[in-house]
Peer 1: 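Pasting in a structure now, in structure tokens, and then I'll have a few things to ask.
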Amino acid sequence: METLFSLLMLTAIYGLTILSVIPDRFIRKLSHSMYHKQAPDYKKFSLGGSIFLSFLVGYIFASVMVYFII
């Protein structure tokens, strides 16, 4: 139970830190579909991809921390 709580807490902390530190323009450039010229305008301003990627990287950092350190 403590391990799961640590994993969730560290995922939230790392995900929010990455989301606040890395500019949104850089994260959007990772996805080709958002910058495709024929994409609709509502997809160009969507933040779902950047939030997902930041929490995915945060989860990876948190799982490494929990597995190796705790």
Side-chain angles (χ1 to χ4, degrees):
M1 189 69 173
E2 295 163 352
T3 306
L4 180 65
F5 178 72
S6 299
L7 183 65
L8 291 175
M9 185 178 69
L10 287 173
T11 300
I13 290 170
Y14 288 139
L16 290 173
T17 302
I18 291 168
L19 189 62
S20 67
V21 171
I22 296 177
D24 185 48
R25 283 181 269 147
F26 177 73
I27 294 176
R28 284 187 184 182
K29 286 182 183 178
L30 294 176
S31 176
H32 175 70
S33 64
M34 287 187 182
Y35 273 95
H36 197 269
K37 293 182 180 177
Q38 296 176 351
D41 286 337
Y42 70 91
K43 285 190 176 182
K44 291 180 183 177
F45 298 108
S46 175
L47 296 176
S50 60
I51 292 172
F52 173 74
L53 285 176
S54 66
F55 277 100
L56 179 67
V57 173
Y59 175 75
I60 291 170
F61 285 161
S63 62
V64 167
M65 292 288 289
V66 168
Y67 182 74
F68 287 116
I69 295 176
I70 296 178

Peer 1: Test of understanding: clusters of I, L, V, M, F, W, Y form through side-chain heavy atoms closer than 4.5 Å, transitively. Do M9 and V57 belong to the same one?
Peer 2: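 Result: no, two separate clusters.
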Peer 1: Same cluster for Y14 and L4 if Ile/Leu/Val/Met/Phe/Trp/Tyr side chains link at under 4.5 Å?
Peer 2: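 Shared cluster, no.
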Peer 1: Indicate the atoms forming the closest heavy-atom contact of S54 with I18, along with that distance.
Peer 2: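 Looks like CB-CG2, 3.9 Å.
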Peer 1: Would you kindly confirm whether F52 and V21 end up in one hydrophobic cluster when ILVMFWY residues are joined by side chain heavy atoms under 4.5 Å apart?
Peer 2: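 No, F52 and V21 fall in different hydrophobic clusters.
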Peer 1: In Å, rounded to the nearest 0.5 Å, how long is the span from OG1 of T17 to CD1 of I13?
Peer 2: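 Going from the OG1 atom of T17 to the CD1 atom of I13 covers 7.0 Å.
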Peer 1: Taking atom CZ of F61 as the centre, does the number of heavy atoms from other residues, nucleotides or ligands within less than 6.0 Å exceed 12?
Peer 2: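 No - once you tally the heavy atoms of other residues, nucleotides and ligands closer than 6.0 Å, there are 12 at most.
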Peer 1: Please check if V64 and Y67 belong to a single hydrophobic cluster, counting links between Ile, Leu, Val, Met, Phe, Trp and Tyr side chain heavy atoms closer than 4.5 Å.
Peer 2: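 Yes.
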Peer 1: Looking only at non-hydrogen atoms, find the nearest pair between F55 and L16 and report the distance.
Peer 2: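 For F55 versus L16, the nearest heavy atoms are CZ-CD2, 3.8 Å.
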Peer 1: At their closest point, which heavy atom of A62 faces which heavy atom of L10, and how far apart are they?
Peer 2: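 Between these two residues, the closest heavy atoms are CB-CB, 3.6 Å.
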